[in-house]
2 protein chains.
Amino acid sequence: MSTRIQRRNRGLILEAALDVFSSRGFRGATLDEIARAAGLSKPNLLYYFDSKEAIHRALLDDLLETWLEPLRTIDPQGDPQAEIMAYMRRKLQMARDFPRESRLFANEILQGAPRLGDFIAGELRTLVEDRCQLIARWVAQGRLAPIDPLHLVLSIWSLTQHYADFDAQIRLIRGGTDPMAGADSFLDTLYTRLLSPPAAVGGDPAAPPSSCAKYSGG
Amino acid sequence: MSTRIQRRNRGLILEAALDVFSSRGFRGATLDEIARAAGLSKPNLLYYFDSKEAIHRALLDDLLETWLEPLRTIDPQGDPQAEIMAYMRRKLQMARDFPRESRLFANEILQGAPRLGDFIAGELRTLVEDRCQLIARWVAQGRLAPIDPLHLVLSIWSLTQHYADFDAQIRLIRGGTDPMAGADSFLDTLYTRLLSPPAAVGGDPAAPPSSCAKYSGG
DNA sequence: AACAGACTTGACCAACCAGTCAAGATTGTT
DNA sequence: AACAATCTTGACTGGTTGGTCAAGTCTGTT
């Protein structure tokens with residue numbers, strides 16, 4: 001059971017901590033700065049969370065489900081190209097809506113994934129392998145242009161999260177204009193051209209490149 | 001004038017500092033750790049560099065020229081598609097050869113580019129604008145498929161540096177196999193499909209999308 | 001050998017850090 | 001009003017950090 005005050009203050013702390021951790025990394029963040037941003041005293045932070053580590057952990061835990069969900073949503077029964085385009089658009093929308101979460105994640109990976117190793121090597125890896133098998137089947141059926149499924153997935157992560165993670169750089173280069181302006185239509189164009197199966201209708205889909213072979217067993 | 005010992009020790013320090021800064025970020029790195037990695041005492045580090053900040057600065061300064069050079073190398077007289085493919089391949093090779101430098105840069109941008117703001121808003125921005133004008137001309141001439149030049153450049157940065165910056169994640173997902181295996185041919189495929197102008201030979205190149213218009217004045 | 005300049009470091013300092021604690025303030029309930 | 005549970009915090013601790021300094025060692029030159 002948690003009180004009204006607990007819910008409010010835990011919320012304030014996590015919100016402030018997301019700001020600080022995402023922009024300074026774990027070691028660069030200080031409890032004093034989080035406390036100041038949350039409008040609470042430092043001992044009060046530690047009344048609600050056991051440690052700096054625990055706050056960070058709580059943020060990551062919130063994040064992980066949100067992170068996996070769009071990948072889970074890909075529907076094996078749907079149209080291959082439409083499914084992948086929709087996945088890419090969901091990820092881009094997440095970069096727009098949750099840029100701090102993206103940077104929190106990026107910070108964690110950049111430092112060698114010390115706290116996310118288990119999640120990545122476990123749940124995420126399993127899910128990615130499953131999705132790669134699905135994509136490989138679609139390619140084998142000639143419903144997608146021949147492509148390496150894993151690199152396709154990585155490219156979607158890379159291209160969408162880039163707008164959140166490198167926001168500071170893009171802002172400085174574009175000087176003023178919205179960093180993500182034009183990103184939607186660019187990525188639509190990119191993945192349409194990348195994925196559209198060769199115009200040749202019907203028959204004989206080309207053999208998938210060898211890099212897909214390892215997934216075709218599913 | 002610098003002595004033999006100076007050259008050797010400055011080199012040892014910068015090499016060690018690159019390891020530490022790239023994996024921990026500026027605030028997460030400590031002089032003790034750099035000193036230990038370099039095999040020198042902490043006061044000795046500060047005999048060769050004025051401060052922690054100065055070591056970091058020296059690393060970034062070394063980096064910036066290397067970073068710009070491939071973009072400069074794009075030849076306005078060359079074949080458009082070949083020039084951009086070659087640029088992409090150079091960037092991918094840099095991600096392979098200098099992953100720590102890429103992560104050092106990524107750390108800096110993630111934290112809001114506090115030390116690179118001037119470089120990015122100045123030299124880099126000017127160069128990028130110039131290259132975008134060039135690409136926009138190529139598109140207008142129908143020698144490249146219609147595409148937003150800035151997002152094209154951003155996509156190359158994103159897709160190549162991703163293999164260095166998110167190395168830890170890719171390693172954990174692939175479990176053992178070389179994180180960059182297959183990246184070359186994937187990116188070759190991607191940019192070939194993205195950039196190849198429509199098969200229609202000769203005449204009437206389609207009007208470039210409006211997002212290119214702002215570059216067409218150069 | 002002798003000497004100056006270059007190099008090295010143990011011991012230290014002030015500032016900052018995560019986390020503790022005891023004492024007090026606030027809140028919800030009767 | 002009274003009381004217990006919840007909430008809040010100033011003052012503190014032990015450990016770490018970037019950086020200093022005086023005293024020393026090493027190196028190249030004569």
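A, B, ... follow the sequence lines: proteins, then strands. Residue 1 opens every chain.
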Margin query: One pair to check against ring-ring contact (aromatic ring centres under 6.0 Å, His included): B:F49 and B:H56. What are the steps and the verdict?
Written below: CA-CA 10 Å; B:F49 291 90; B:H56 196 252; over 10 Å; no
Check: Which nucleotide in the set C:dC7, D:dT8, D:dT17 lies at the smallest distance from any side-chain heavy atom of B:T3?
Finding: C:dC7
Next item on the list: Round to a whole Å and report the spacing from CZ of B:R36 to P of C:dT9.
Entry: 15 Å
Check: For B:L31 and D:dG18, what is the distance between atoms CG and C1' respectively, to the nearest whole Å?
Finding: 6 Å
Check: Under the 3.5 Å rule, do the base of D:dG18 and the side chain of B:K42 count as making a donor-acceptor pair?
Finding: yes
Next item on the list: Select base, sugar-phosphate, or nothing to describe what A:A29 touches, counting heavy atoms under 4.0 Å on all strands.
Entry: sugar-phosphate
Check: Relative to the 5' end of DNA chain D, which residue comes earlier, B:D32 or A:S41, by the nucleotide with the nearest heavy atom?
Finding: A:S41
Notebook entry, point to check: Under 4.0 Å: is that the gap between some side-chain N or O of A:Y47 and OP1 or OP2 of D:dC7?
Noted result: yes
Next item on the list: Let me know the distance between NZ of B:K52 and P of D:dG18, rounded to the nearest Å.
Entry: 4 Å
Item checked: Spacing of A:R7 atom CZ relative to D:dT6 atom P, expressed in whole Å -> 14 Å
Notebook entry, point to check: With a 4.0 Å cut-off, would you call A:K42 and A:E33 a salt bridge?
Noted result: no
Checklist line | Interatomic distance, A:Y48 OH vs C:dG19 P [rounded to whole Å] | finding: 18 Å
Notebook entry, point to check: Base, sugar-phosphate, or nothing for A:A54, non-hydrogen atoms under 4.0 angstrom?
Noted result: nothing
Check: With sugar-phosphate meaning primed atoms plus P, OP1 and OP2, does A:F49 contact a base, only sugar-phosphate, or nothing at under 4.0 Å between heavy atoms?
Finding: nothing
Next item on the list: Output yes when A:D184 and A:R89 qualify as a salt bridge under the 4.0 Å nitrogen-oxygen rule, no when they do not.
Entry: no
Next item on the list: Whole angstrom is fine here: how far is it from CG in A:L12 over to P in D:dC7?
Entry: 14 Å
Next item on the list: In whole angstrom, give the distance that lies between atom CG of A:D50 and atom P of C:dT20.
Entry: 9 Å
Margin query: Taking the minimum atom-to-atom distance to the side chain of A:P43, which one of C:dT20, D:dT6, D:dG19 wins?
Written below: C:dT20
Check: Parallel, tilted or perpendicular: which describes the rings of A:F21 and A:F26, with under 30° parallel and over 60° perpendicular?
Finding: parallel
Next item on the list: Please determine if a side-chain N or O atom of B:R27 lies less than 4.0 Å away from the OP1 or OP2 oxygen of C:dC17.
Entry: yes
Margin query: Under 4.0 Å, counting only non-hydrogen atoms across every strand here, what does A:I5 touch: a base, just sugar-phosphate, or nothing?
Written below: sugar-phosphate
Next item on the list: Ignoring backbone atoms, establish whether A:Q6 has a side-chain N or O less than 4.0 Å from OP1 or OP2 of D:dC7.
Entry: yes
Checklist line | d(CG, B:L45; C1', C:dT9) in whole Å | finding: 13 Å
Notebook entry, point to check: For B:N9 and C:dT8, is the shortest distance between a side-chain N/O and OP1 or OP2 below 4.0 Å?
Noted result: yes
Item checked: Salt-bridge criterion met for A:R96 and A:E101 (N-O under 4.0 Å) -> no
Check: Should A:K91 and A:E69 count as an ion pair when the cut-off is N to O under 4.0 Å?
Finding: no
Next item on the list: From the options C:dA6, D:dT8, D:dG28, select the nucleotide whose nearest atom is closest to the side chain of B:R4.
Entry: D:dG28
